[in-house]
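Given the structure is predicted, the values throughout are model-derived calculations rather than measurements.
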Amino acid sequence: MRLANQNYIMHDISQYQDFFIDYLKNQNIHKEPTNLYEPIEYILGLGGKRMRPVLTLMAAEVFDTNYKVALPAAMAVEVFHNFSLVHDDIMDDAPLRRGQVTVHEKWNLNTGILSGDAMLILAYQYFEQYEPAVFRDLAKLFSKTALEVCEGQQWDVDFEQRNNVTIPEYLKMIQYKTAVLVAAAMKMGAIVAKTSEKEADLIYDFGLNLGLAFQLQDDYLDAFGDPETFGKQVGGDIIENKKTYLYLKALEFSSEEKASELQKLFSLQLEDNSEKIETAKTIFNESGASKSTQEAIEMYTFKAFETLEKMEINAEKKDILRTFGENLMGRKV
């Protein structure tokens, strides 16, 4: 087992972002046929916080391995994440992604499907840069995670047609759709660093709980975020009648009359949604669902911090991971 080297200096989040973006820019993705590879370059170039690849680089350095060793694995995570966005946008018929036209709108539906497929394969190819034992562990984790993300997406689609979604079902859906990739991104850094299985599993659990907190925060910000900083349409989930944690908690806490009003509201498709959004937000606040959602975000963040205490890394590294979690909990975007 490799205990943390007390003198190993880690970088900060913005540095990891810069390292990853430099690596991304040096990838030779532009090949023939242009209509297959250009959409891949386009979606990867749209920006975003690059949270997942940053976590892979950070996790490698937590376990005393230079971030450079983790760059191909981080790239695989980012390519896979963007593949899932291309296909999600097709399923949601979304016109915009990160403020820009979505791939299927800019090109066409078939190009979106095929370029997405190519990205999934491209993600696997990045693991080929590692020795066989590391490649095996990365590919095994990646296959499990990719399948779980698909399962989570299907549950998300299924829930749109159901009026009896439970809180445990919803939490399982966001765990699979969002949290498992955050967790896998961290564990990949641990695998590349060749740390012990115990430590790799602990950092996976840390990432899983952070991922759950992140998605619940996303649900909350969708309704109550600042339109200037959120980067997506505020109230989008309400417009789309998505049964988020906020919605489910509001049903649980409301009187029969208010619950019925909310259910009716979430069956409407309107041209102008401003009144619908304000009414839903009022019910979320008055029922206590908003407060309950914030408490859940805090609970999962602290669960992640409890996992840190079990890890055999020095206090400074625990502080860096804790700060990252705190920033995630307090984010506005």
ask   = Within a strict 4.5 Å, meaning less than it, do heavy atoms of the Gln15 and Asp12 side chains meet?
value = yes
task = Check whether any side-chain heavy atom of Glu38 lies under 4.5 Å from a side-chain heavy atom of Trp107, and answer yes or no.
result = yes
ask   = According to the interplanar angle, ranging from 0 to 90°, do the rings of Phe302 and Phe305 count as parallel (below 30°), tilted (30 to 60°) or perpendicular (above 60°)?
value = perpendicular
request  = Give, for atom CE of Met58 and atom NE2 of His11, the distance between the pair rounded to the nearest 0.5 Å.
outcome  = 12.0 Å
note = Output for pair (Tyr37 OH, Ser115 OG), nearest 0.5 Å, gives 9.5 Å
task = Report yes if the side chains of Ile174 and Tyr245 come closer than 4.5 Å at any heavy-atom pair, otherwise no.
result = no
query = In Å and rounded to the nearest 0.5 Å, what is the CG to CG distance from Leu114 to Asn35?
reply = 10.0 Å
inquiry  = Listing request: all salt bridge (charged side-chain N to carboxylate O under 4.0 Å, His left out) pairs with a residue in residues 75-88, at least two apart in sequence or in separate chains.
reply    = Arg50-Glu78
inquiry  = Strictly by salt bridge (charged side-chain N to carboxylate O under 4.0 Å, His left out), give each pair with a member in residues 248-270 just once, sequence neighbours left out.
reply    = Lys249-Glu252, Lys258-Glu261
Please output the side-chain donor-acceptor pairs of residues 180-187 that fall under 3.5 Å, not counting sequence neighbours, one pair per line with the distance.
| unit_1 | atom_1 | unit_2 | atom_2 | d |
| --- | --- | --- | --- | --- |
| Lys187 | NZ | Asp201 | OD1 | 2.9 |

ask   = When rounded to the nearest 0.5 angstrom, what distance separates CD in Glu61 from CD1 in Ile313?
value = 12.5 Å
request  = Could you tell me how the ring of Tyr67 sits relative to the ring of Tyr16: parallel (under 30°), tilted (30 to 60°) or perpendicular (over 60°)?
outcome  = perpendicular
ask   = Quick one: are Thr293 and Phe224 in side-chain contact, heavy atoms under 4.5 Å?
value = no
inquiry  = Taking salt bridge (charged side-chain N to carboxylate O under 4.0 Å, His left out) as the cut-off, I'd like each qualifying pair that reaches into residues 123-145, sequence neighbours left out, listed once.
reply    = Glu131-Lys194, Lys144-Glu148
key: Leu85 CG to Asp92 CG distance, which is reported to the nearest 0.5 Å   = 10.5 Å
task = Scan side-chain atoms only and decide if Thr282 and Asn285 contain a donor-acceptor pair under the 3.5 Å cut-off.
result = no
task = List for me each residue that meets ring-ring contact (aromatic ring centres under 6.0 Å, His included) alongside His81, sequence neighbours excluded, and say none if there are none.
result = none
In one Ile/Leu/Val/Met/Phe/Trp/Tyr side-chain cluster, 4.5 Å: Leu96, Leu109 = no
request  = Indicate yes or no: at least one non-hydrogen side-chain atom of Ser267 is less than 4.5 angstrom from one of Asn241.
outcome  = no
ask   = Are more than 12 heavy atoms from other residues, nucleotides or ligands located less than 6.0 Å from atom NZ of Lys318?
value = yes
query = Can you name the closest pair of heavy atoms from Gly112 and Val86 and give their distance?
reply = O-CG1, 3.3 Å
ask   = Does Glu312 offer a backbone N or O that forms a donor-acceptor pair with the side chain of Glu199 under 3.5 Å?
value = yes
task = For Ala304, check side-chain contact (heavy atoms from CB on, under 4.5 Å) against everything at least two apart and list the hits.
result = Phe206, Asn209, Leu210
request  = Answer yes when Asp156 and Lys242 have at least one side-chain N-carboxylate O distance shorter than 4.0 Å, and no when they do not.
outcome  = yes
task = Please answer whether the main-chain N or O of Tyr23 pairs with a side-chain N or O of Gln27 as donor and acceptor at a distance below 3.5 Å.
result = yes
key: Check: Leu141 and Ile191 side chains under 4.5 Å, non-hydrogen atoms   = yes
query = Can you check whether Gln154 reaches Asp158 side chain to side chain, under 4.5 Å on heavy atoms?
reply = yes
query = Can you name the side chain to side chain donor-acceptor pair (under 3.5 Å) partners of Tyr42, sequence neighbours left out?
reply = none
ask   = With sequence neighbours left out, what residues match Glu169 under side-chain contact (heavy atoms from CB on, under 4.5 Å)?
value = Phe159, Arg162, Val165, Thr166
message = Suppose the criterion is ring-ring contact (aromatic ring centres under 6.0 Å, His included): which pairs have a residue in residues 112-135, not counting sequence neighbours?
response = Tyr124-Phe142, Phe127-Phe142
ask   = Would you find more than 12 non-hydrogen atoms of other residues, nucleotides or ligands less than 6.0 Å from Glu275 atom CD?
value = no
request  = Write out all pairs satisfying salt bridge (charged side-chain N to carboxylate O under 4.0 Å, His left out) with one or both partners inside residues 23-32, taking only residues at least two apart or from two chains.
outcome  = none
Qualifying residues under side-chain contact (heavy atoms from CB on, under 4.5 Å), relative to Glu306, sequence neighbours excluded = none
Partner residues of Gln17 under the side-chain contact (heavy atoms from CB on, under 4.5 Å) criterion, sequence neighbours left out = Ile13, Ser14, Val54
key: Option from Phe284, Phe266, Tyr220 for which ring pair (Phe, Tyr, Trp, His ring centres under 6.0 Å) with Tyr247 holds   = Phe266
task = Check whether any side-chain N or O of Asp89 sits under 3.5 Å from a backbone N or O of Ala94 as a donor-acceptor pair, and report yes or no.
result = no
Distance (rounded to the nearest 0.5 Å) between Leu171 CG and Tyr176 OH = 13.0 Å
